[in-house]
Amino acid sequence: MYKLYSLRYMGLLQKSNCCQNWCRTLSRKALAESSILDTNRYLNELVTSGQIDEARKLFERMPHRDEFSWNTMVSGYADLGRLTEARKVFDETPNKSSITWSALVSGYCKHGYETEGFQLFWEMRYEGHKPSQFTLGSVLRVCSVKGLLLKGKQIHGYATKTNFDTKVFVITGLIDMYAKCFCVMDAELLFEEMPSGRNHVTWTAMINGYSLNGDAHKTIRCFRGMRAVGIQANQYTFPGVLTACTAVFDIGFGVQVHGCIVHGGFEANVFVQSALVDLYAKCGDLRSARNALELMEVDHVVSSNSMILGYVRNGFVEEALSLFKEMHERNIGPNDYTYPSVLNCLTSKKYVRKGQLVHCLVIKTGFKGYKIVSNALVDMYAKQGDLSSAFKVFDTILDRDVISWTSAVTGCAHNGFHEKALKFFSEMRNCGVQPDQVITSSILSSCAELALLKFGQEVHANFLKSSLGSSLSVDNSLVTMYANCGCLEEANIVFNSMETRNVITWTALIVGCAQNGKGKESLELYNEMILSGIKPDFITFIGLLFACSHAGLVDQGRKHFDSMVNVYGIRPGPDHYTCMIDLLGRAGKLHDAEKLLNEMSVEPDATVWKVFLAACKEHGNIDLAKKAALVLFKLTPQDAVPYVMLSNMYSAVGKWEDAAAVRKLMKSKSISKEPGYSWLEMNGKVHRFMSEDRSHPKMDQIYSKIGEVMALIKKAGYVPDMNFALHDINDEGKELGLAYHSEKLAVAFGFLYVPQGVPIRIYKNLRVCGDCHAAMKFMSKIYHRHIILRDSKCFHHFREGTCSCGDYY
DNA sequence: CTAGGGTTAG
């Protein structure tokens with residue numbers, strides 16, 4: 001079938017129909033009487049309009065054939081990729097010239113048989129035929145398409161030697177070759193130094209070269225240069241220019257180019273139209289995109305793909321899906337570009353069924369093995385929370401690229417399996433796949449989540465060693481990772497090195513400072529952020545209010561909470577209320593806290609009630625505490641904390657019977673305290689300790705170290721706090737029990753094996769015990785060690801007898 | 001005989 005979408009093409013088509021009629025009605029006599037020149041002209045017209053078989057019939061009937069007739073047939077077959085027939089005619093050609101050879105070389109090259117093309121090229125010279133600039137153009141073309149830089153350079157050398165390097169076809173071919181091989185500088189040099197005679201193809205090659213290499217500004221400048229010297233752009237030029245406009249979202253210039261296109265009469269070309277649809281869709285002007293799409297005379301899959309992607313990127317999921325459906329109804333076959341976009345808009349849990357349907361379509365339409373489609377499927381299933389389907393697809397991908405691995409890694413992380421994410425990342429590296437910015441950012445977030453400093457540092461170091469430039473998301477993840485691992489200094493270094501920062505960057509550091517006991521710095525950072533013109537978001541305020549509550553800044557906290565709602569229109573979530581109630585409660589404003597709790601615009605969750613209960617305990621308000629505990633018994637029936645807290649409150653005021661009753665209730669429901677444990681990481685190994693744990697291979701040394709430590713800090717004034725000991729044993733037993741708390745075992749291990757001068761980093765799954773907190777302050781002073789303890793709430797940096805939390809834990 | 005073109009996923 002003929003392509004009807006180009007008016008020019010239509011003109012040609014009519015002509016060739018005439019030609020066909022002429023051919024059919026032409027008698028043998030008339031044919032014999034026509035001049036060979038005329039017959040050759042018609043032969044050529046048949047060939048160029050794609051009617052090679054008609055041309056063949058005419059060719060067979062021709063009484064005389066000259067060089068031109070033979071060459072026309074060779075090039076005709078070669079051009080269409082019918083290379084066996086081309087070769088056969090070539091072999092039969094009585095007087096082969098350079099042109100005959102060139103035609104065949106060009107055909108082989110054009111249709112992907114570069115080896116044969118090159119072979120013929122050398123053979124031709126061996127036979128004594130000088131290649132023409134057209135032959136060189138053809139072999140250069142194959143270098144462009146296949147990215148054969150080395151071969152291309154050889155041709156360049158040959159061209160220089162034979163003085164072909166002044167011919168416009170050769171220079172243009174070289175420019176295109178270098179640009180396609182991503183050596184745009186070499187292309188530019190040739191273009192700049194071209195003595196004269198740049199034609200529209202030369203300009204186009206340079207323009208598209210810049211565009212391909214991602215230099216939108218030079219693309220546009222070059223296009224302007226072309227117009228300035230009065231050379232007309234055509235359907236080959238515009239797509240590249242439009243792509244450049246799209247890349248920099250310059251819709252203003254894009255519209256001007258659109259004007260040129262209409263003016264020049266090129267708006268009916270599919271390539272131009274597709275580029276237009278893409279420009280408008282990517283720039284968010286979906287109406288103009290849709291307009292351009294509707295104006296197309298053929299149903300076209302590339303433009304539909306662009307349109308779908310435009311809908312997806314701009315959040316119009318339903319429109320994207322309905323266009324996909326429309327494609328199906330109009331019999332536009334989807335291709336491997338269609339599915340990623342469609343799958344991409346089905347990543348929410350509510351599209352599980354639709355996701356499966358599209359997966360079925362992928363299989364039915366034969367795109368099952370396409371890596372890019374499979375990658376998108378992995379991502380979709382993982383984001384929908386169906387990891388098992390995700391991995392089923394992942395396992396079928398044979399040649400996994402960095403995007404396949406990223407889909408798996410982020411899929412794990414998305415579902416909270418951060419250790420698994422790290423495993424996949426390591427496996428990827430073992431497979432020799434190099435990480436890029438996206439996966440680096442993702443894996444750093446997992447490190448942050450797990451507070452794995454060592455792993456994170458390694459990823460950071462490898463990233464610096466790689467030649468990848470940094471990106472906003474990598475830097476943001478680094479700030480978060482370091483802050484989450486208690487390394488504010490490093491977080492600050494990354495933060496300060498960044499050229500652009502967004503709300504995530506600022507928030508990461510605000511939260512980091514708050515967690516590490518630098519509440520005032522958090523507030524200062526917040527002010528700086530506002531001054532730099534960046535608006536805070538939901539998460540920024542969680543960090544900010546957390547900072548206020550840790551620093552005990554009641555008025556500031558109230559002010560920011562108020563501005564969050566009234567200035568920034570952010571509806572507070574449970575986390576914001578938790579911070580506020582914690583802040584008010586710890587400051588002794590129990591009734592304000594209770595009032596806020598009752599006024600909450602969302603249902604208070606267990607965390608809110610827990611901080612309220614803790615505040616009641618802190619200030620000895622048993623009535624309110626009882627109320628909170630009762631709510632918590634219902635909300636989190638298996639949580640021991642409210643039982644223990646309430647019982648301890650009764651004990652503290654001597655209400656032994658009430659205390660016992662609570663413990664009995666707890667026992668009857670077979671609730672037990674979550675076992676506390678502490679761990680630290682050394683040389684890639686995790687050392688985990690439970691209270692009174694004796695399972696560690698170096699236990700003897702650890703216990704004797706504890707003996708030494710306890711003796712020394714007692715001499716310095718430490719008094720064991722029996723409130724944190726178990727109840728039913730004597731004082732001596734209690735004291736030993738305290739000494740063997742998991743965090744103390746971990747510190748003793750650190751004293752033994754972490755070199756002096758290196759911080760000892762300990763993690764605990766629960767809140768740090770009050771006695772341990774006091775003891776660690778003494779330890780840090782007597783041993784001159786920096787002890788960093790991350791508990792379930794925040795970081796404690798113990799240095800020279802003080803803690804960064806200001807004892808406000 | 002003649003070089004140059006548009007859309008992909010994390």
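Every chain is numbered from 1 and lettered A, B, ... according to where its sequence line falls, protein lines coming before strand lines.
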K.L.:
Base, sugar-phosphate, or nothing: which does A/Asn375 touch, judged by heavy atoms less than 4.0 Å apart?
P.N.:
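If one applies the 4.0 Å heavy-atom cut-off, A/Asn375 turns out to touch a base.
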K.L.:
Write down the distance between CG (A/Leu120) and C1' (B/dC1), rounded to a whole number of angstrom.
P.N.:
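Nearest whole value for this atom pair: 15 Å.
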K.L.:
Identify whether any heavy atom of A/Val378 sits under 4.0 Å from a base atom; if not, whether one sits that close to sugar-phosphate; answer base, sugar-phosphate or nothing.
P.N.:
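Result for A/Val378 = nothing.
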K.L.:
Between B/dC1 and A/Asn44, is there an OP1 or OP2 to side-chain N/O distance shorter than 4.0 Å?
P.N.:
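Checking A/Asn44 against B/dC1: at least one side-chain N or O falls below 4.0 Å of OP1 or OP2.
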K.L.:
Please work out if A/Leu309 contacts a base, only the sugar-phosphate, or nothing of the nucleic acid, heavy-atom cut-off 4.0 Å.
P.N.:
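Sugar-phosphate contact only - A/Leu309 comes under 4.0 Å of backbone atoms but never of a base.
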K.L.:
Using the ring centroid of each side chain, check whether A/Phe266 and A/Tyr236 are separated by less than 6.0 Å.
P.N.:
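No: the rings miss the under 6.0 Å criterion.
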K.L.:
If you take the centroid of each ring, where Trp contributes its six-membered ring, are A/Trp203 and A/Phe223 closer together than 6.0 Å?
P.N.:
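No, too far apart.
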K.L.:
Using a cut-off of less than 4.0 Å, is there contact between a side-chain N or O of A/Arg400 and OP1 or OP2 of B/dG10?
P.N.:
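Indeed not, no polar side-chain atom of A/Arg400 lies that close.
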K.L.:
Can you find a donor-acceptor N/O pair under 3.5 angstrom joining the side chain of A/Asn344 to the base of B/dG10?
P.N.:
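It does not, because no donor-acceptor pair links the side chain of A/Asn344 to the base of B/dG10 below 3.5 Å.
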K.L.:
Counting only side-chain heavy atoms from C-beta out, which of B/dG10, B/dG4, B/dC1 sits nearest to A/Phe134?
P.N.:
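The closest nucleotide is B/dC1.
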K.L.:
So, do A/Tyr178 and A/His156 have ring centers that fall under 6.0 Å from each other?
P.N.:
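Yes.
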K.L.:
Assign A/Thr243 to base, sugar-phosphate, or nothing according to its heavy-atom contacts below 4.0 angstrom with the strands shown.
P.N.:
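Counting heavy atoms under 4.0 Å across all strands, the contact made by A/Thr243 is with sugar-phosphate only.
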K.L.:
Of all the choices, B/dG10, B/dT7, B/dG4, which nucleotide is nearest to the side chain of A/Val201 once you look at every atom?
P.N.:
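Looking only at heavy atoms from C-beta outward on A/Val201, the closest nucleotide is B/dG4.
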K.L.:
Nearest of B/dC1, B/dG10, B/dG5 to any side-chain atom of A/Gln235?
P.N.:
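Taking heavy atoms from C-beta onward, the closest nucleotide is B/dG5.
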K.L.:
With a 3.5 Å distance limit and no angle check, can you tell me whether A/Asn314 reaches the backbone of A/Phe316 through a side-chain donor-acceptor pair?
P.N.:
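Answer holds: no.
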K.L.:
Assess whether one donor atom and one acceptor atom, taken from the side chain of A/Asn234 and the base of B/dG5, lie less than 3.5 Å apart.
P.N.:
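Donor-acceptor pair under 3.5 Å: no.
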K.L.:
Tell me: OH of A/Tyr311 to P of B/dT7, nearest whole Å?
P.N.:
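My rounded result for the distance is 19 Å.
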K.L.:
Specify the separation, in whole Å, of atom CG of A/Asn305 and atom P of B/dA9.
P.N.:
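Whole-Å distance recorded here is 10 Å.
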K.L.:
Separation of A/Met296 atom CE from B/dT7 atom P, in whole Å?
P.N.:
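Nearest whole value for this atom pair: 13 Å.
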K.L.:
Whether the side chain of A/Thr406 and the base of B/dG10 hold a donor-acceptor pair under 3.5 Å is what I'd like checked.
P.N.:
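Counting by modelled atom types and ignoring angles, a donor-acceptor contact under 3.5 Å is found here.
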K.L.:
Going by ring centres under 5.5 Å and near-parallel planes (under 30°), is A/Tyr236 stacked on B/dG5?
P.N.:
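No, aromatic ring not over the base.
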K.L.:
Think A/Lys282 forms a cation-pi with A/Phe249, using NZ or CZ under 6.0 Å from the six-ring centre and within 45 degrees of its axis?
P.N.:
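No cation-pi geometry.
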K.L.:
Any donor-acceptor pair under 3.5 Å linking the side-chain atoms of A/Asp401 with those of A/Ser404?
P.N.:
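The answer is yes; a qualifying pair exists.
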K.L.:
Would the distance check show the side chain of A/Asp436 and the main-chain N or O of A/Ile439 forming a donor-acceptor pair, the cut-off being under 3.5 Å?
P.N.:
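Side chain of A/Asp436 to backbone of A/Ile439: a pair is present.
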K.L.:
Scan A/Lys180 against the nucleic acid and name what it touches under 4.0 Å (heavy atoms): base, sugar-phosphate only, or nothing.
P.N.:
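Counting heavy atoms under 4.0 Å across all strands, the contact made by A/Lys180 is with sugar-phosphate only.
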K.L.:
Tell me, which of residues 98-111 of chain A have any heavy atom that sits under 4.0 Å from an atom in DNA chain B?
P.N.:
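Contacts with DNA chain B under 4.0 Å: A/Ile99.
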K.L.:
Applying side-chain contact (heavy atoms from CB on, under 4.5 Å), can you list everything that pairs with A/Glu114, at least two apart in sequence or on another chain?
P.N.:
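With sequence neighbours excluded, A/Glu114 shows a side-chain contact (heavy atoms from CB on, under 4.5 Å) to A/Phe118, A/Val142, A/Lys146, A/Leu148, given in chain and number order.
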K.L.:
What nucleotide among B/dT7, B/dG10, B/dG4 has an atom nearest to a side-chain atom of A/Val402?
P.N.:
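Per side-chain heavy atoms of A/Val402, the pick is B/dG10.
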K.L.:
In whole angstrom, what separates A/Phe367's CZ from B/dT7's P?
P.N.:
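Roughly 18 Å, once rounded to whole Å.
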K.L.:
Select base, sugar-phosphate, or nothing to describe what A/Arg313 touches, counting heavy atoms under 4.0 Å on all strands.
P.N.:
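Answer is sugar-phosphate: A/Arg313 comes under 4.0 Å of backbone atoms only.
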K.L.:
Given atom CH2 of A/Trp405 and atom C1' of B/dA9, what is their separation to the nearest angstrom?
P.N.:
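In whole Å, B/dA9 C1' and A/Trp405 CH2 are 17 Å from each other.
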K.L.:
For A/Arg141 and B/dA3, what is the distance between atoms CZ and C1' respectively, to the nearest whole Å?
P.N.:
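Between C1' of B/dA3 and CZ of A/Arg141: 8 Å.
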K.L.:
Quickly work out the A/Ile231 CD1 to B/dG4 P distance and round it to whole Å.
P.N.:
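After rounding, the reported distance stands at 18 Å.
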K.L.:
Can you tell me if A/Ser138 uses its side chain to pair, donor with acceptor, with the backbone of A/Phe134 under 3.5 Å?
P.N.:
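Indeed, once roles are kept as given, a pair shorter than 3.5 Å links the two residues.
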K.L.:
Taking the side chain of A/Asp401 as heavy atoms from C-beta outward, which of B/dA9, B/dG10, B/dT2 is closest to it?
P.N.:
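The answer is B/dA9, which lies nearest to the side chain.
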K.L.:
Counting side-chain heavy atoms from CB outward, which of B/dG10, B/dC1, B/dA3 is closest to A/Phe169?
P.N.:
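Nearest listed nucleotide: B/dA3.
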